[in-house]
Amino acid sequence: MNRKEPDFWVLEYVTITKDPRTDLVVAIGGTDQAAEILQRTGFFSAPGPRGDYHRLPHDLPVEQQRLKATAASHALLTAGHSVHLDPALNTLTTPDGERDAALRYLARLAERAFTAETSSEMAEVLTEIAAPVNGLLPLVREAVVGAWSAAIRLQGGIPGQEAEPMARLGDTADSLSHASTLIRRARDHAASVPRAPSTAPPPSPAPAPSPASRRR
């Protein structure tokens, strides 16, 4: 029996997230009632290429962004709306919990590296370390570049006036990028190494027949 798919009013769902290009916290979707709730909790209506959306004010501190986004999501949920809130904006998540999860992930990754039994298993570990987009080293490099940019901005934007330790952050970012490239090359080499042949001892030769059996 063919069952009819249920009707989902997707446009009534509200998604609250941070736009990576502008760092604005935006709310997309929702009904007129949801728009009123968003505006009461600090969001502003703005025209977009696919219709109006809502956003928090420009230059709002990160912690204020999180507080207002969390408050808006709970007000919407209380009113019966379906909401997706970016976990990075949820003030009810504990940073320590995220840090502990990251530490557990790194510990498991190190264990996988030490216990790898094949080249492909080692290549998988190296991929997680140095994958171009989501690898650990490229992500660390992005954090270092961000700190380096902040150092320039906070000291007037003139690199020559940076303190020496902060000035070396740019070189550190380059070193991390170079290390990622070397690790990816090692990964490619490990992935191309054929599986080692079996080291099981060859079968023992059959025992020679006794003299009596040969005379028969």
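Reckoned from all heavy atoms, side chains included, excluding hydrogens, waters and symmetry mates.
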_Gap between atom CG of Leu24 and atom CG of Leu56 - 0.5 Å precision_ = 8.5 Å
*Scan side-chain atoms only and decide if Arg187 and Thr127 contain a donor-acceptor pair under the 3.5 Å cut-off.*
yes
*Residue pair Ile16 / Thr70, side-chain heavy-atom distance below 4.5 Å*: no
*Interatomic spacing from CE in Met122 to CZ in Arg112 - rounded to 0.5 Å*: 13.0 Å
*List for me each residue that meets salt bridge (Lys or Arg N to Asp or Glu O under 4.0 Å) alongside Arg21, sequence neighbours excluded, and say none if there are none.*
Asp19
Side-chain donor-acceptor pairs of residues 38-46 under 3.5 Å, sequence neighbours excluded:
unit_1: Gln39; atom_1: NE2; unit_2: His54; atom_2: NE2; d: 3.1
unit_1: Thr41; atom_1: OG1; unit_2: Ile37; atom_2: O; d: 3.0
unit_1: Thr41; atom_1: OG1; unit_2: Leu38; atom_2: O; d: 3.0

*Roughly how far, to the nearest 0.5 Å, is the CD atom of Glu63 from the OG1 atom of Thr91?*
7.5 Å
*Mark yes or no for whether Glu121, through its side chain, and Glu117, through its backbone, hold a donor-acceptor pair below 3.5 Å.*
yes
*asked:* Using 0.5 Å steps for rounding, measure from the CG atom of Leu139 to the CD1 atom of Ile129.
replied: 12.5 Å
_Looking at Arg108 and Glu111, is there a salt bridge between them, counting it only when a charged N and a carboxylate O are closer than 4.0 Å?_
no
*With a 4.5 Å limit on heavy-atom distance, are the side chains of Leu76 and Thr78 in contact?*
no
*Donor-acceptor contact present, side-chain Arg141 to main-chain Asp174, <3.5 Å*: no
*Is the CG atom of Asp171 crowded by more than 12 outside heavy atoms at less than 6.0 Å?*
yes
*Would the number of heavy atoms belonging to other residues, nucleotides or ligands and lying under 6.0 Å from CZ of Arg185 be above 12?*
no
*Give a yes or no on whether the backbone of Ser177 and the side-chain of Thr181 come within a donor-acceptor separation of less than 3.5 Å.*
yes
_Polar contact flag, side-chain donor to acceptor under 3.5 angstrom, Ser120-Thr118_ = yes
*Using the rule that two of Ile, Leu, Val, Met, Phe, Trp, Tyr join whenever any of their side-chain heavy atoms come within less than 4.5 Å, decide whether Val62 and Leu85 are in one cluster.*
no
*Below 4.5 Å, heavy atoms only, C-beta onward: do Val25 and Leu89 meet side chain to side chain?*
yes
*asked:* With rounding to the nearest 0.5 angstrom, report the CG to CG distance, Leu60 to Asp23.
replied: 12.0 Å
*Hey, could you give me the CG/CD distance between Leu137 and Glu142, rounded to the nearest 0.5 Å?*
12.0 Å
*At their closest point, which heavy atom of Ser119 faces which heavy atom of Ala190, and how far apart are they?*
CB-O, 3.1 Å
*Treating Ile, Leu, Val, Met, Phe, Trp and Tyr as nodes and any side-chain heavy-atom pair under 4.5 angstrom as an edge, say whether Val144 and Ile183 lie in one connected cluster.*
yes
_When you compare the side chain of His81 with that of Thr31, does any pair of heavy atoms fall below 4.5 Å?_
yes
